[in-house]
Amino acid sequence: MTPPAAEITIALAGQPNVGKSTVFNLLTGSHQYVGNWPGKTCEQKIGVYHLDGAAINIVDLPGTYSLSDNSEDERVARDFIIRDNPDAVVVIVNAAALERDLYLLAELLLLPKPIVVGLNMLDVARQNGATIEPHVLQAALGLPVIPMVASYGEGLQALMAEASRVAQNPLAQSPNRPEIRQDHQQVLDDIQKLIAGRAPEPYPVNWATYKLLEGDAEITALVRQQLGADWDAVQAILLQHDDAFLAVASGRYEWIARMVRAAVIRPKAGQFTLTDRLDRVATHPVLGLLALIGALGVLFWLTYAIGAPLQAWMETHLIQAAAAWARQALQGAPSWMIGLVADGVISGAGTVLTLLPILMIFFTGLGLLEDMGYMARAAYVMDRFMHLMGLHGKSFLPIFLGFGCNVPAVMGSRIIESPKARLITILVSPIVPCTARLSVVAFLAPIYFGANAIWVSWGLIALSLLVLSAVGVALHELFLGGEHTPFIMELPLYHAPNLRVIGQGVWQRLVDFLKTAGSIILVVSILLWALSTFPNGNIETSYLAWFGRLLAPTGKLMGLDWQMMVAMLTSFVRKENTISTLAVLYGGHSAGLSAALAERLTPAAALAFLAVQILFIPCVATVAAIRQETRSWRWTLASMGLLLGISLLAGIGIYQGARLIGWGM
Amino acid sequence: MKLTLQNGHANRLGLASQSLGDLPSGGSGVVSGLNGGKEFSSRASALGLTVGAEVTMVQNFGHGPLIVTVRGTRLALGRGEAQKIQVDSR
């Protein structure tokens, strides 16, 4: 979707943890257009804000600490400002971490764009004992500085009014710009002379010179191409000053120190803040783990205490009631039409609807932990363990949520900033056995393994986690070349959660889920209903059964008949379908389903079936969530193919292995 | 690529130069060098760890990741990363 054309386009920049997304959400509310950056995997959000009747497009840039070429996020942010020519840049800074946050502003000031500074989180700075005078900072910077407490809506309007004003007078600003550290000024001038008039379009010469000194690979390659034989002279200087990066960075912080000197009154050193006290527990290697387990325990308890009963209630009182009512109302209509409405549409809509309470609880929990600043601590505590799986510490929470339900696990991966790490997390999350899959195991395992069923169940969970680690490590090697991204992470200050901000986040995610995932789930439910009904209303002679028979040779490698393969296929809509399908296909056995199943499968085949079942393609709701989060059918299909391959391999491996050692045949 | 200032200067002033990972909890010092290649230096700098920055160790158990404060913010970093940062401590 593309937003409507507007007179003014403003780029919204800021480092992580400055409240930028709060600013964006409160400004643009429901007028948001989400897409991909052209040719990139990361999400592009554009929102519309109305000021005195005029529409302003706000482009939310990825939150980045700088504008280097170290990550896709940073390249996306800088390319937008340089190539797409926004009318003004609004940079949000966190007053409680002002010195560090102004680093991004120091980089932005190299680009010839009007800038407005949103001095946000003044309340958090105040709570931590710092006093900041916005007008003093404004005088020092030579840029408009708007005091803000975005979470309470303070300063938002003033920010946009100022942004609109500077966008219309682009030449009026003459800010105080940072310079390179004194001892490298000559080097900068020399290179600038060499590339003057020949910097690659549309990059400004001054900016390109700084990037050369920083050792920026992208710009270096471009300038080199542009200069041809003249590159040697530039390269000679750069080689002599391969420490120039430090001079550039130091120059920026020296400038920052001058800017904030008069504007900030710091708290006395040695004062213990709330963050110090809480972190003594939250980041402790032992206590921190206990705190994390406690937080997750509460989240899961809420899910089972409120979410699950609510889900069951909706299932009987809404979905089944609606289906019964539809059957009644359609009396006399052709049987396929009754089936379509009752078994296709209503059951599909039911899947979507009954997921909502659980998603709401998980998203609220995640939002609360994130907004309070706890999420970074959880990542810190778990980072060592997750690295063994080729994953980042922040992947832990979404993946752990997967034990409840894979859908919030996939959607929860949004808290991971790096696009590659996020993609890896999305791809491995569906391997976690969710409650629905475990319930199928809990039903089938006792039939074949009696008292040993509990060990089989634990074994299957262990198998899943083993596969998850193997896939995680393999994807890590594949995407990141096994490269170890430096583990340096900010731990933001704790602050009281803002319910309005969290509520809006939860609402937005639910709406997103209903919009994208809802329609996919509905379509697949109807499709599967049709396949199992047509051509003559009997599942045993349906298209689905025909397809199951087609898969019989593969099934045979695992000791499974076509009915089991069909049961597996129907689990695509909801995992619990496995059992109900088997009940239909093996129906008519006098001693009931358990006896029929015990008769049909050997223990080895049953074990293979359970392994396939637990590693199989996730349910359609999870697939829809994957599609929504990756915004790519290619990755969605790749994920399904990956899991299909792994699950079948595991099943065949187990059955053939058992055959070799002569167990359970 | 190696990026360090001369440590001799620090030593003459009676300061001890050591890696950030060896700084005990509660100790503080001034960053005197980053020895980790371009991407590492660039990331560390953007987060506030540059030559001349004052750092205070908040948590260092002698193994595993550690926590420091620098330029008014808290950073968690891996032990490997901390070994690449040189500090002059008092």
Side-chain angles (χ1 to χ4, degrees), chain A residues 15 17 64-71 74 94 96-101 103-104 107 125 128 130 214-217 242-243 245-250 252-254 256 264 266 269 275-276 279-280 283-285 376-377 379-381 383-384 387 393 483-493, chain B residues 1-6 20-21 25-28 30-86 90:
Chain A
Q15 292 193 340
N17 306 311
T64 59
Y65 289 106
S66 62
L67 295 177
S68 73
D69 75 336
N70 289 337
S71 75
E74 292 175 75
N94 174 354
L98 191 57
E99 277 184 63
R100 215 276 319 289
D101 278 6
Y103 190 84
L104 182 65
E107 282 221 49
N128 281 276
E214 288 176 28
D216 186 287
D242 66 350
D243 60 343
F245 176 76
L246 292 184
V248 173
S250 298
R252 287 182 186 142
Y253 281 113
E254 280 166 15
I256 291 170
V264 180
R266 293 189 159 288
T275 297
D276 285 311
D279 265 358
R280 234 173 269 164
T283 59
H284 189 273
R377 274 76 185 182
Y380 170 77
V381 169
D383 195 74
R384 263 178 295 178
H387 259 132
E483 163 201 337
H484 173 77
T485 38
F487 175 48
I488 312 178
M489 185 172 66
E490 182 182 2
L491 300 178
L493 294 172
Chain B
M1 187 163 61
K2 195 169 155 76
L3 306 166
T4 32
L5 285 190
Q6 312 88 311
L20 180 60
S25 298
S28 63
V30 175
V31 176
S32 62
L34 302 169
N35 311 319
K38 192 201 75 103
E39 194 193 334
F40 172 73
S41 307
S42 154
R43 226 180 122 63
S45 299
L47 281 153
L49 287 163
T50 44
V51 174
E54 231 178 282
V55 283
T56 305
M57 183 63 69
V58 175
Q59 188 184 84
N60 185 354
F61 287 101
H63 54 86
L66 37 85
I67 300 175
V68 299
T69 54
V70 61
R71 301 191 192 275
T73 59
R74 284 172 175 248
L75 299 181
L77 61 169
R79 187 147 298 271
E81 282 72 22
Q83 301 299 1
K84 295 177 191 161
I85 298 169
Q86 208 61 33
R90 274 167 281 246

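Letters A, B, ... are given to chains in the order of the sequence lines, protein chains preceding strands, and every chain is numbered from 1. Computation of the quantities below employed the complete heavy-atom set of this structure, encompassing side-chain atoms and omitting hydrogens, waters and symmetry-equivalent molecules.
- Considering every non-hydrogen atom in both B:S41 and A:F245, the closest pair reads O-CE2, 3.5 Å.
- For A:R252, no part sits under 4.5 Å from any heavy atom of chain B, backbone or side chain.
- In terms of heavy-atom pairs under 4.5 angstrom with chain A, the leader among B:G48, B:A53, B:G72, B:G26 is B:G48.
- Rounded to the nearest 0.5 Å, atoms CZ (A:R377) and CZ (B:R74) are 6.5 Å apart.
- Taking 4.5 Å as the limit, every side-chain heavy atom of B:R71 sits out of range of all side-chain heavy atoms of A:Y103.
- Counting only heavy atoms from C-beta outward, the side chains of A:T283 and B:I67 approach each other to under 4.5 Å.
- Using a 4.5 Å cut-off between heavy atoms, A:A96 contacts chain B through its backbone alone, with no side-chain atom that close.
- At least one side-chain heavy atom of B:K38 sits under 4.5 Å from a side-chain heavy atom of A:N70.
- Contacts of B:S25 classified as side-chain contact (heavy atoms from CB on, under 4.5 Å), with partners at least two apart in sequence or in another chain: B:N60.
- Heavy atoms closer than 4.5 Å to chain A are found in the backbone of B:L66, but not in its side chain.
- Interface remark: B:A44 contributes backbone and side-chain atoms alike to the contact with chain A (heavy atom separation under 4.5 Å).
- Contacts of A:S68 with chain B are made by side-chain atoms alone, with heavy-atom separations under 4.5 Å and no backbone atom involved.
- At least one side-chain heavy atom of B:F40 sits under 4.5 Å from a side-chain heavy atom of A:I488.
- Between A:Y253 and B:L47, the shortest heavy-atom contact is OH-C, 4.1 Å.
- When heavy atoms are compared at a cutoff of 4.5 Å, B:T50 approaches chain A solely by way of its side chain, counted from C-beta outward.
- The two residues B:P65 and A:Y380 come nearest to each other via the heavy atoms O-OH, 3.1 Å.
- Within 6.0 Å of CD on B:Q83 lie more than 12 heavy atoms contributed by other residues, nucleotides or ligands.
- Both the backbone and the side chain of B:S45 come within contact range of chain A, judged by heavy atoms closer than 4.5 Å.
- The closest side-chain heavy-atom distance from B:V70 to A:E99 is not below 4.5 Å.
- Between chain B and the residues A:Q15, A:H284, A:E107, the largest count of heavy-atom pairs under 4.5 Å involves A:H284.
- Of the listed residues (B:A82, B:G52, B:A46), the greatest number of heavy-atom pairs within a distance under 4.5 Å of chain A belongs to B:A46.
- Across A:L491, A:D69, A:L104, the residue that shares the most heavy-atom pairs under 4.5 angstrom with chain B is A:L491.
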